[in-house]
Protein chains: 2
Amino acid sequence: MSKGEATRAAILDCALALSKQIGLEALSIGMLAERLSMSKSGVFAHFGAKEELQIAVLEEAQARFTEQVVRPALGAPRGLTRLRTLFTRWMEYSAASGEPGGCLLIQAAAEFDDKPGAVRDCLVRGQRQWREALSRAVAMCVERGELAADADCEQLAFEIFGLALAAHHDVRLFGEQAGRARALRGLERLLAACAA
Amino acid sequence: MSKGEATRAAILDCALALSKQIGLEALSIGMLAERLSMSKSGVFAHFGAKEELQIAVLEEAQARFTEQVVRPALGAPRGLTRLRTLFTRWMEYSAASGEPGGCLLIQAAAEFDDKPGAVRDCLVRGQRQWREALSRAVAMCVERGELAADADCEQLAFEIFGLALAAHHDVRLFGEQAGRARALRGLERLLAACAA
DNA sequence: AAAATAAACGAACGGTCGTTCTTTGTCAAT
DNA sequence: ATTGACAAAGAACGACCGTTCGTTTATTTT
């Protein structure tokens, strides 16, 4: 790993932490430079444009999401077990205790939902992939007979997504940690209602 | 209504439309002045500080929410009918077709969930009130025997909130109008599962 | 060790930001 | 007609923004 790559990684790490708190748009190169004890131009040179920086941060966030949520669940057996793993990992990721700031992806979704451009495109792509992965995890439960054969996988994925959003909302805005437990209860109710 | 009051109302109306698209933080006084064919200082004078403007916009948004969602539902009979009215009005409000921009309150929740201050406080207050109103609407269903006596009202309000968030997410980010129908289906499933 | 490449710096640019202050209109009551 | 309060304009402020450019320092390759 060359020095340039190492610096770029350090910048991205800092930028990710920062934008989780203040958003991708409010993230500024000057601020980043100060935190890293670098010059503005030094930071800037690694990306060439602010939009490229935002995209790089977003892709890093999505990569980490995959790493921390999707990949561990692939180790769990298909079906309900995997679906539950996916969800609990998701809860842990989106409200990682200790460090400040919530889930960058949810934040970015609200920030860029009306702002056309490459950043939005990147986000939409990632979110669609994630939703499909979730939908597939539900479909596996149906295939294995753990959920009713007539269950609507996309509808279920939609509702599970809503539970996660609600948990994020409660934890972040109200500071109610109970939101996570609520979401888990919601998931169980959902699965029970669709049990085979 | 004095001239000053009229101008202030016009500013707020424009500011509300603008911040629904770009957010409360990105909303700038210069931009507002240009759209209204006014001077920056002329706009500024009505609020004295940007934070005051943000709070005024937020309170206006909350007032309109109450007007367009809560109040019409109070005209519906208590119980399931009122709860359904509340939800459908909510769907219509949060993704009002025609005009650009989504629900300012959801946007602001993501934007200010890690930004302490008067704006956040105002938002949290409003969101708590709304959640409680929702919870009370559920409780009325239980009281009237339309939902099971052991139903957890706050849990149900939490899950209903999640459905609305998911609908907003899908409509705004994916442009899938079907999100609203999905949310309605989710609500019906929820109510059916808790039927007395 | 020398040459070539990469990385970071520092200064400057045009712009926009929120904010302040002074001045100019514009009505209403006297 | 005069005064006085209010509304808006206009110019200026320091601060920060993203970006460009030329220079200097590190690192790598020959």
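Chain identifiers are assigned alphabetically (A, B, ...) following the order of the sequence lines, protein sequences preceding nucleic acid strands; residue numbering begins at 1 within each chain.
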Euclidean distance, atom CG of residue B:L53 to atom P of C:dG18 [Å, nearest integer]: 9 Å

Closest listed nucleotide, where the reference is the side chain of B:K50 and the choices are D:dA7, C:dT19, C:dC9: C:dT19

Looking across every strand, which nucleic acid part, if any, lies under 4.0 Å from A:A49 by heavy atom: base, sugar-phosphate, or nothing? sugar-phosphate

May I have the distance from A:I22 (atom CD1) to D:dC16 (atom C1'), rounded to whole angstrom? 13 Å

Does A:V43 or B:E51 map to a spot on DNA chain C nearer the 5' end, using the closest nucleotide for each? A:V43

Which whole-number value in Å describes the distance from B:K40 NZ to C:dG15 P? 14 Å

So for atom CZ, which belongs to B:R128, do other residues, nucleotides or ligands contribute more than 12 heavy atoms lying within a distance under 6.0 Å? yes

Whole angstrom value for the distance that separates P of C:dG18 from CD1 of B:I11: 14 Å

Side-chain atoms of A:K3 come closest, of D:dA7, C:dA8, C:dC9, to C:dA8

Protein-nucleotide distance (B:I29, atom CD1; C:dT20, atom P), rounded to Å: 10 Å

From the options D:dA9, D:dC17, C:dG10, select the nucleotide whose nearest atom is closest to the side chain of A:S28. D:dC17

Base, sugar-phosphate or nothing for A:L32? Non-hydrogen atoms, less than 4.0 Å. nothing

Ring-plane angle category for B:W90 and B:W130, please: parallel below 30°, perpendicular beyond 60°, tilted otherwise. perpendicular

Nearest-Å distance, CD (B:E34) to P (D:dA9)? 13 Å

In whole angstroms, how far is the P atom of C:dC13 from the CZ atom of A:F44? 18 Å

Does NZ or CZ of B:K115 lie under 6.0 Å from the centre of the six-membered ring of B:F112, at an angle within 45° of the ring axis? yes

Is any side-chain nitrogen or oxygen of B:H46 closer than 4.0 Å to OP1 or OP2 of D:dA8? yes

Residue A:S41, side-chain heavy atoms: nucleotide from C:dG10, D:dA8, C:dA8 that is nearest: C:dG10

Give a yes-or-no answer on whether the side chains of A:Q127 and B:H169 include a donor-acceptor pair shorter than 3.5 Å. yes

Expressed in angstrom and rounded to an integer, what is the separation of A:M1 atom CE from C:dA6 atom P? 17 Å

C:dC9, C:dT19, D:dA8: which one has an atom nearest the side-chain heavy atoms of B:T7? D:dA8

Would you confirm whether A:R172, through its side chain, and A:G101, through its main-chain N or O, come within 3.5 Å as a donor-acceptor pair? yes

